[in-house]
Every structure is written in C-alpha cells, then in structure tokens.
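Counting convention: from 1, in listed order, for ligands and their atoms alike.
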Amino acid sequence: MKRTHKAVVVAVVIGVIITVLVGCGPQDQGSAPQAAEQEATDTSQQAQDSEQEPAELQVVDGAVVIEMQASRGRNYNTPIGLHVEPGTTIRFMNMSGMHSTTAYHPDNGRELRIPEGAEAWDSGMMTGRGQSFEVTLTVEGVYDYYCIPHEAMGHVGRIIVGDPDAAPVGPADNLPAAARNALPAVDQIMAEHVVLP
Ligand SMILES: [Cu+2]
C-alpha cells in the first residue's frame, strides 16, 4: 500500500513538471501570429495603392481639404501626402470615426517633425462628421502629423510646403512601425503633389 501511494505521488509530481514545461513553450512564440497579421495588412495596402487613379487637389473656399476617414477597420487621411505653396490653408475634415490632426512637435510631447519656427497644431478629438480644423502653413519644409488614437495603426500624414530642402525631416525611426511605413516619401510627394493612402 505504501509503495502504491508513493508511486501515485511521483506520478503527480512528474505530471505537474510536464504541464509547466509544455505551458512555457507556446508563450515564448506569442509574437509570431502578430507578425503574420502585419504582413497581411501590408499586402492589402499595396493592392489598393496600385488601383488608385491619379489624385486631384480638393479645394473648398480657398482651403485644401484633407479628409479623415474610418472605413473597414482602417483609419486614414485622403490625401496622405500633399505638396502645397507657402501660405496655403489646409482644412482637415472629419468624414467618419474619431480622429485628431496633431503635429509632431515638442508642444504636443513628441519629437520635432515640422520645420523649426513653424507653429505646432493639435485639433483635439474630432468626433462629428463634417467637423473641421484649419491650419495655414507659411514656413517652407516638411510637416509630419498624426492622429492621436490611431497613430500606432498608421494614421499619419505628410505635407510639404514649398521647398522640402528648406526644412528636411529626419528619419522616422522613433515612430511606431505602421506610422513610419505609412508616411509617403518626400520624392513621391514632390513627383505627384497629391498622394492617396
Ligand atoms: Cu485617426
């Protein structure tokens, strides 16, 4: 009887050890499915890009319009890249979802990604359809901005005012990967002037 009891205890202890060891395995590889999801998103993004027609500037009451959209789990601005002349007023127009337009600037707690001497902006949360926020950009150079709730999902944009070399923007290494990947290259914006997401 005693031997049987010991055997049961040993079996239970071995069982616990095996459970612990097996339990650790899958946790170590927890990041793999996320990477696969990210790739799938990137591929569908590229497919959409190739279907886009040449974009035109939308001007309303003298202001160049950038529409802020939420559609099918994506949050984005149309256009995402824009080249305008100094003194142009940009009207950010909320079309769906909840967004902000916020300059990468120390005033907003972020690194400087607009020309030195240019005024920072932050719309705060825009919740209603048709709600808008305007900025007039006078200092030449490259302006990067983001949407506070969706930056990590790649909801960002880039505006070039006049000559990009007047105030070039540094590498986007410190931004979330999706934001970094979504920003159109300066060369592409200068070639196309209006870049769709
Ligand atoms: Cu957003």
*asked:* Nearest 0.5 angstrom please: Glu67 CD to Ser132 OG, how far?
replied: 11.5 Å
_Thr102 backbone acceptor or donor facing His105 side chain under 3.5 Å_ = no
*What residue pairs, at least two apart or across chains, pass ring-ring contact (aromatic ring centres under 6.0 Å, His included) with a residue in residues 177-197?*
His83-His193
*Protein N/O/S atoms closer than 2.8 Å to the Cu ion (ligand 1)*: His99 ND1, Cys147 SG, His150 ND1, His155 ND1
Donor-acceptor contacts, no H, no angles, side chain residues 162-177, under 3.5 Å, sequence neighbours left out:
from	atom 1	to	atom 2	distance (Å)
Asp163	OD1	Asp165	N	2.9

_Test side-chain hydrogen bond (donor to acceptor under 3.5 Å, both in side chains) applied to Asn77 - qualifying residues, sequence neighbours left out_ = Tyr145, His155
_Polar side-chain atom of Ser96 near backbone of Ala70 as donor-acceptor pair, under 3.5 Å_ = yes
